[in-house]
Amino acid sequence: MPVPVVLAGRTVRLEPLAMRHAEGIAWAGALDRAAYAYTAVPHGLDASCDYIARALAEQAAGRTLPFALVNPLNGRVLGSTRFLELDYWRGPLVWPPTTGVPHGDPLTAVPDAAEIGNTWISSEARGTGVNTEAKYLMLRHAFETWGVRRISMRADARNTRSRVAIERLGATCEGVRRAHSRGLDGVVRDTAFYSVLDEEWSAVRGIIELRLPGLRPQSVLPGEFREHGGAGELLPA
């Protein structure tokens with residue numbers, strides 16, 4: 001599975017999701033519940049602990065890499081996101097093909113394709129650039145550190161807010177899959193699919209950076225940081 005990493009930006013820091021984020025996840029998820037009609041967001045501390053436990057189980061199985069979105073100035077949790085649908089194309093070609101299984105040492109594997117999803121952001125962080133910067137940090141890590149060939153994103157076709165946000169990143173809409181899955185409201189939903197390819201990343205990066213002037217992100221392994229102070233700010237060890 002990919003090694004967990006901290007992705008640090010100007011307005012948001014992506015930390016590997018851990019049980020220590022439970023209270024912050026519960027607080028962030030309690031704000032403006034009406035905005036989460038199309039996204040699964042835990043409500044309350046018990047639900048947040050269960051949400052994190054499930055995410056960590058999926059990470060341990062090599063299926064996802066989940067993050068907590070954190071305000072770098074005060075340590076407050078702003079939401080969550082993750083890499084998922086990790087796919088590996090290296091190694092010998094076998095038939096039938098297997099997905100989600102890396103060739104070689106799984107503890108040091110990096111995917112050839114992945115999806116960014118399960119993203120939700122608290123109401124206080126909407127419209128602040130946090131979502132755009134978080135996507136930028138993840139895309140940059142995927143293309144420039146992992147060397148992926150493709151990053152996918154998707155949204156309920158009815159979720160105009162999410163679709164507009166994805167399109168403003170410069171991702172290409174591949175179409176809408178009709179009657180694709182069951183939505184949170186029980187309605188069988190259509191799903192809009194988007195992607196960014198490695199040969200498109202340079203142009204997409206330029207689009208995003210124009211929207212985030214002064215951005216100087218960096219990525220570091222969690223072991224290169226230590227806890228500091230009551231705010232939980234991470235500083236170089």
Open item on the list: Could you check whether Glu15 pairs with Arg20 (Lys NZ or Arg NE/NH1/NH2 to Asp/Glu carboxylate O, under 4.0 Å)?
Closed with: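 Result for this pair is yes, salt bridge flagged.
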Task: Electrostatic pair Arg158-Asp185, nearest N-O below 4.0 angstrom - done: yes
In chain order, what residues pass the side chain to side chain contact (heavy atoms under 4.5 Å, CB included) check against [X], with sequence neighbours excluded?
X      : result
Val188 : Ala179
Pro102 : Tyr88, Pro106, Ala109
Asp190 : Ala157, Val176, Arg178
Ser162 : Ala155, Asn159

Task: With sequence neighbours excluded, residues passing ring-ring contact (aromatic ring centres under 6.0 Å, His included) with Tyr38 - done: none
So does [Y] get a backbone contact from the side chain of [X], meaning a donor-acceptor N/O pair under 3.5 Å?
X      : Y      : value
Glu209 : Gly206 : no
Arg13  : Gly9   : no
Arg33  : Val41  : yes
Ser48  : Ala26  : yes

TODO: Kindly give the cluster partners of Leu31, where membership spreads through any ILVMFWY side chain lying under 4.5 Å from a current member.
DONE: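 Taking Ile, Leu, Val, Met, Phe, Trp and Tyr as members, Leu31 shares its hydrophobic cluster with Trp27.
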Open item on the list: Just to verify, what does Arg211 make a side chain to side chain donor-acceptor pair (under 3.5 Å) with, not counting sequence neighbours?
Closed with: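 Testing Arg211 for side chain to side chain donor-acceptor pair (under 3.5 Å), a comparison that skips the adjacent residues, returns Thr132.
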Open item on the list: Going by the rule side chain to side chain donor-acceptor pair (under 3.5 Å), which residues pair with Arg150 if we only count those two or more places apart in sequence or in a different chain?
Closed with: Ser152, Glu174
TODO: Sorted by first residue and then second, give each salt bridge (Lys or Arg N to Asp or Glu O under 4.0 Å) pair with at least one member in residues 102-130; sequence neighbours left out.
DONE: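 Listed by first then second residue: Asp32-Arg126, Arg76-Glu124, Arg90-Asp112, Glu115-Arg154.
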TODO: Answer yes if the side chains of Thr11 and Glu133 hold a donor-acceptor pair under 3.5 Å, and no otherwise.
DONE: yes
Open item on the list: Filter on ring-ring contact (aromatic ring centres under 6.0 Å, His included), then keep only pairs touching residues 144-164, sequence neighbours left out; what's left?
Closed with: Phe83-Trp146, His141-Trp146
- [ ] Only pairs at least two apart or in different chains count here, so list each ring-ring contact (aromatic ring centres under 6.0 Å, His included) that has a residue in residues 166-185.
- [x]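 ring-ring contact (aromatic ring centres under 6.0 Å, His included) check on residues 166-185 returns His180-Phe193.
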TODO: Measure the acute angle between the ring planes of Trp201 and Tyr136, then classify it against the limits of 30° and 60° as parallel, tilted or perpendicular.
DONE: tilted
Task: Residues which pass salt bridge (charged side-chain N to carboxylate O under 4.0 Å, His left out) with Glu58, listed by chain and number, not counting sequence neighbours - done: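 If we apply the salt bridge (charged side-chain N to carboxylate O under 4.0 Å, His left out) test to Glu58, skipping adjacent residues, the hits are Arg82.
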